[in-house]
Amino acid sequence: MASSTPPAHCTLTATKPYHNHHLQHPHNRHRHHPTSSHHHQSWRPPQVSLHNQASHAAACPGAPPPAVARPAFPCLSDFSGCRSTRSVSKMHFGRPRSTTNRYSAAAEEALQLVLSRGCEVSNIDNILVDFQPKLRASDDYTFLLRELGNRGDWVNAMRCFQFAITHEKRRNEKGKLASSMISTLGRLGKADLAKHVFDVAVNEGYGNTVYAYSALISAYAKSGYCDEAIGVFRSMKGSGLKPNLVTYNALIDACGKGGADYKKASEIFNDMLKNGVLPDRITYNSLLAVCSGAGLWEVAKSLFDEMVHRQIDQDIYTYNTLLDAASSGGHVDVAFEIMAKMAAKSIFPNEVTYSTMIRGCAKVGKMDRALNLFNEMKLAGIKLDRVSYNTLLAIYASLGRFDEAFAVGKEMESMGIKKDVVTYNALLDGFGKQGMYDKVKELFAEMKHGNLYPNLLTYSALISGYCKGGLYKEATEAYTEFKRQGLKADVVFYSNLIDALCKKGLVESCALLLDEMMSDGIQPNVVTYNSIINAFGQSGNVDCVEAQVESSNLLTYTDGKMAVKEDDRIIEVFKQLACGKPGNVKHEQRARKDFRCVLGVFRKMHQMEIKPNVVTFSAILNACSRCNSFEEASLLLEELRLFDNQVYGVAHGLLMGHNEHTWSQALSLFDEVKRMGSSTASAFYNALTDMLWHFGQKRGAQLVVLEGKRREVWENTWTQSCLDLHLMSSGAARAMVHTWLLNIRSTLYEGHELPKLLSILTGWGKHSKVVGDGALKRAIEALLVSIGAPFEVAKCNIGRFISTGAVVAAWLRESGTLKVLVLQDDRSFSHSTSTRFDLLPNLQPLPLL
DNA sequence: CTAGGGTTAG
């Protein structure tokens, strides 16, 4: 039964959440207001590359094959970094264009006039009429509309464009104006309007140029509409135009934005080579960006090497993008190495470099390192900019260190950078996560008072925060306001909300929301489903799971076209929750339902072609731990083997205490997991060990934990004097305690002294997501008591158990100690993993002193 | 035509 081949799509390998991402129009996601500080970013001097590009063309005649073999395609078979849904539209206002002053003084004067007179449309018309005799050809007008665009004022830019077009007779000049307008709109995230300008231009006979097509492709790229960009590219070829380097670069860029599709990017790259267009530095930088977004660190690395081989200069963009690929892919150490080598190539880290690295550190939980980088940055004389400040503030806010977060806010303002929506969103999210709702309300009011417009993310943080705290009335109010603003929910909004409700055990409400989102045209993604599966794997808080989950739409929903869309279902759900629902189900009944539901949800994912990933796997393993019995857990895994025999075969095999074959499969699975970020990997190891421990497979648990340690899944867990368990689940931590003590015992056996002080850290409060959750500490305390280990809670740190080397040594020498330390399986099997003694610490009897 | 920031599962 378990030997069938898994369906092709159904591997453990991660899918990108944005695979089903509902793309929104950028102006919905980013509500920019004319007063928003985004429009007033400081102007930066143009970046000048010292490298000579012409030399490459000379060095690379024809289209040489890649000097370095890149992984064959499709090489998307790992998990790394694929959980990033990095933003689709990043608008960089105020970034200078490389204008070479082709405009006249009159144009400059007109611009100042327009700017000084404000945004009234009639103003610009009058000014343009006044200046018309003095303004020359397309150059002056393109200058004007670009400058207006740089200030976010697309309305006046359009006005200016329209005026210029009607006063220009030459087709060529009209074409230039159109391309300019399209690219300006593109940079402002107005892809639809850009398309409109393009269509008009083509219809009127001046838009059929490589420039206009390239500009439109770029506009789509900026908004993350990769498929649309490719469509434009095709129609361009169809109308007989030859794409040039810029066209190709823009198209590759598009692949990096709308979900980082390296396969597409690579196809475009090949097409480019085939058509004799030589890639340049920007081509490679864009390819690197695709890798970074797609989590393809290995590919990024070979592209980087390929640049060297092709003698294409590397610049600060190259390095920053490479660093991003490394650090967001979990290779922070590698990123640091690369960063250290930059100066030798005369490419000096800038604020982008630092904020990239800082974010990379923060992402993998290395907060100390992240904070250190800020100091380093200041020492290097690099000024923190808006992004750096917001990043720093967000780190503190996410850690619940609000005093420090506010201090950063103060410093930022003292540097003349006002708090923006991003700043407030970070604070709101932080306070919401800590359940400090008064602060949330206060900040939300303050934000509005400061004329900042809450956006989708603001409301998302508010609403899910309130839901987590059971403040459904507040959630309803926030949601109503959200709708009133004309904002539209997206998949992340829903996933976040669903997760919040799942965490409260309200699975049935989640089912309703799932319906709602789909009837709204938003496809759930793997994150959405993982949240739901996680709900089944959680121990506490499941106080209201309804009996009829099985019959709910959670499992029976079949397609996206739900009947009529009544009023808002979300409000309905909140209302029901607000008045409190009946229906606590008896414990056993619930558990049995859960077990079936997990399968049901998994099948649903399969049916909807949403690829499960490691997080799904971890969630399922956690759900296994919540199963009523060993039999249920093994049945669940057995069933899941039909979908993915490798992954679930390993879990099943380990649970059953199977033999060497299972173990070798497990090892290759571990290898695969290792290629993901450490937090993903540790979650996996935690879940797996927990399940094994829970069902009494303690030796198996120990082996897994040892593998995890060997692969450095949990950072610096283990020295002679200190065992740090703060990143571990309770099962993993307990298996680790045994193993560590046995290891210390071997040290003793070998005749070494123990350190003076021994400590075990459980990270109470400090590292938990919610301050004060001491579950791990309690589990470890109970374990230490039960095995009679002579540790006690440290006075200064209640999450730390300490003892002296001498006391522990004496205890280890006691005759009964070895027996309690050596893990025994609760169940005996014929082919047990216990054959793998070689991996375990030395179990020789200790010589008496 | 190229680089960093705010949200989701573990």
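Protein chains get the first letters and strands the later ones, always in sequence-line order, with residue 1 at the start of each.
- Summarising the geometry, atom CG belonging to A:Asn613 is positioned 11.5 Å from atom CZ belonging to A:Phe617; distances are rounded to the nearest 0.5 Å.
- Checked by atom type, the side-chain pair A:Asp499/A:Asn534 shows no donor-acceptor distance below 3.5 Å.
- Between the base of B:dT2 and the side chain of A:Asn285 there is a donor-acceptor pair shorter than 3.5 Å.
- A:Lys503 has no side-chain polar atom (N or O) that falls below the 4.0 Å cut-off from OP1 or OP2 of B:dT8.
- Counting to the nearest Å, the C1' atom of B:dA9 and the CG atom of A:Leu514 are 14 Å from each other.
- Closest approach to the A:Arg359 side chain among B:dG4, B:dA3, B:dG6 is made by B:dG6 (side chain taken as heavy atoms from C-beta onward).
- Out of B:dT8, B:dT2, B:dG5, the shortest distance to the side chain of A:Ser495 is found at B:dT8.
- As rounded to whole Å, 18 Å separates atom P of B:dT7 from atom OH of A:Tyr459.
- With B:dT7, B:dA3, B:dG6 as the candidates, the nucleotide lying closest to the side chain of A:Val492 is B:dT7.
- Remark: P of B:dA3 and CG of A:Asp313 are 19 Å apart, rounded to the nearest angstrom.
- In this structure, A:Lys419 atom NZ and B:dG6 atom P are separated by 19 Å, rounded to whole Å.
- When the C1' atom of B:dA3 is taken as reference, atom CD1 of A:Ile316 falls 8 Å away, rounded to whole Å.
- Between the side chain of A:Asp385 and the base of B:dG4 there is at least one donor-acceptor pair of N/O atoms closer than 3.5 Å.
- We find that CD of A:Glu351 is positioned 13 Å from P of B:dG4, with the value rounded to whole Å.
- For A:Ser388 against B:dG4, a side-chain N or O and a base N or O form a donor-acceptor pair under 3.5 Å.
- None of A:Tyr248, A:Phe304, A:Phe269 except one satisfies the ring pair (Phe, Tyr, Trp, His ring centres under 6.0 Å) rule with A:Tyr284; the exception is A:Phe269.
- For B:dA3, its base never sits under 3.5 Å from the side chain of A:Asp315 at any donor and acceptor pair.
- Phosphate proximity of B:dT8 to A:Lys433: present, with a side-chain N or O under 4.0 Å from OP1 or OP2.
- The base of B:dG5 lies close enough to the side chain of A:Asp420 for a donor and an acceptor atom to sit less than 3.5 Å apart.
- When the nucleotides B:dG4, B:dT7, B:dC1 are ranked by their closest atom to the side chain of A:Ser460, B:dT7 comes out on top.
- If you check B:dG6, B:dA3, B:dC1 against the side chain of A:Thr321, the one that comes closest is B:dA3.
- For A:Asn496, the listed nucleotide lying nearest its side chain is B:dT8; candidates were B:dA3, B:dT8, B:dC1.
- When the C1' atom of B:dG4 is taken as reference, atom CE of A:Met339 falls 12 Å away, rounded to whole Å.
- Distance from the side chain of A:Asn320 is smallest to B:dA3 among B:dG5, B:dA9, B:dA3.
- When the nucleotides B:dG5, B:dG4, B:dC1 are ranked by their closest atom to the side chain of A:Asn390, B:dG5 comes out on top.
- Of all non-hydrogen atoms in A:Ser495 and A:Ser531, the two that sit nearest each other are O-OG, 4.2 Å.
- If you check distances only, the side chain of A:Ser355 does reach the base of B:dG4 with a donor-acceptor pair under 3.5 Å.
- The listed nucleotides are B:dT7, B:dC1, B:dG4; the one nearest the side chain of A:Ser218 is B:dC1.
- The side-chain hydrogen bond (donor to acceptor under 3.5 Å, both in side chains) check on A:Ser355 picks up nothing, with sequence neighbours excluded.
- Put simply, the side chain of A:Asn613 and the base of B:dA9 share a donor and an acceptor less than 3.5 Å apart.
- Listed candidates were B:dT2, B:dA3, B:dG6. Nearest to the side chain of A:Ile282 is B:dT2.
- The aromatic rings of A:Tyr479 and A:Phe493 are tilted relative to each other, their planes meeting at an angle between 30° and 60°.
- In terms of phosphate contacts, A:Lys257 brings a side-chain nitrogen or oxygen within less than 4.0 Å of OP1 or OP2 of B:dA3.
- Checked by distance alone, A:Ser286 brings no side-chain donor or acceptor within 3.5 Å of a matching partner on the base of B:dT2.
- Distance NZ (A:Lys363) to P (B:dG6): 10 Å, rounded to an integer number of Å.
- In this view, A:Glu376 satisfies the salt bridge (Lys or Arg N to Asp or Glu O under 4.0 Å) rule with no residue, not counting sequence neighbours.
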